[in-house]
Participant: 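The structure follows.
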Amino acid sequence: MKLLIDVLGWSGSGFLILAYGITLIENNKYVNYAKYLNLFGAVLIAINCYYYNAIPSFVSNLIWSVMATLTIYKTKKRERYFVKPKLKV
């Protein structure tokens, strides 16, 4: 079990670093991937922190995942609002 939790924590860290790298590239094509990487990375690290009883880090990553979820929701809402209907020819 400990090995699985360690792998989840390291994977989460990798996801967050990858998400940050994607935002530095500033390529709009991949920005949506960074939002999901932030969410999954924060959740995986939160699981790791909870297992090891690192409560401050757990709470920080829980807040991080809530912020990522709200960002994804806001983006989806904006996309639905600005989608133009296709005209039939």
Participant: Rounded to the nearest 0.5 Å, what's the gap from NZ on Lys2 to CG on Asn48? Could you check?
Facilitator: 9.0 Å

Participant: Indicate, with yes or no, if Ile72 and Tyr33 share a hydrophobic cluster defined by side-chain heavy-atom contacts under 4.5 Å among Ile, Leu, Val, Met, Phe, Trp and Tyr.
Facilitator: yes

Participant: Quick one: does Pro56's side chain get under 4.5 Å of Val59's, heavy atoms only?
Facilitator: no

Participant: Are Ile63 and Ile55 connected in the hydrophobic side-chain network, where two residues link if heavy atoms are under 4.5 Å apart?
Facilitator: yes

Participant: State the OG1-OH distance between Thr69 and Tyr36, to the nearest 0.5 angstrom.
Facilitator: 10.0 Å

Participant: Would a single hydrophobic cluster contain both Tyr30 and Phe40, if residues Ile, Leu, Val, Met, Phe, Trp and Tyr are joined by side-chain heavy-atom contacts under 4.5 Å?
Facilitator: yes

Participant: Give, for atom CG of Leu44 and atom CD1 of Ile5, the distance between the pair rounded to the nearest 0.5 Å.
Facilitator: 9.5 Å

Participant: Can you name the closest pair of heavy atoms from Asn32 and Glu79 and give their distance?
Facilitator: ND2-OE2, 3.9 Å

Participant: Between Ala19 and Leu37, what is the shortest heavy-atom contact and its length?
Facilitator: CB-CB, 3.8 Å

Participant: At what distance, to the nearest 0.5 angstrom, does CZ of Phe15 lie from CG of Asn38?
Facilitator: 11.5 Å

Participant: Going through the checks in order, is the side chain to side chain donor-acceptor pair (under 3.5 Å) test met by Tyr52 and Asp6?
Facilitator: CA-CA 10 Å; Tyr52 285 109; Asp6 288 342; 2.6 Å; yes

Participant: Give the minimum heavy-atom separation between Leu62 and Ser65, together with the two atoms involved.
Facilitator: O-OG, 2.7 Å

Participant: Could you walk me through whether Leu8 and Tyr51 pass side-chain contact (heavy atoms from CB on, under 4.5 Å), step by step?
Facilitator: CA-CA 11 Å; Leu8 291 178; Tyr51 180 82; over 6 Å; no

Participant: Show your reasoning for whether side-chain contact (heavy atoms from CB on, under 4.5 Å) applies to Val43 and Asn61.
Facilitator: CA-CA 7 Å; Val43 168; Asn61 281 286; over 6 Å; no

Participant: So which heavy atom on Ile22 is nearest to which on Ala34, and how close?
Facilitator: CG2-CB, 3.9 Å

Participant: Give me the atom names and distance for the closest heavy-atom approach of Gly9 to Ile45.
Facilitator: O-CG1, 3.8 Å

Participant: Are more than 12 heavy atoms, taken from residues, nucleotides or ligands other than Phe58, located less than 6.0 Å from that residue's CZ atom?
Facilitator: yes

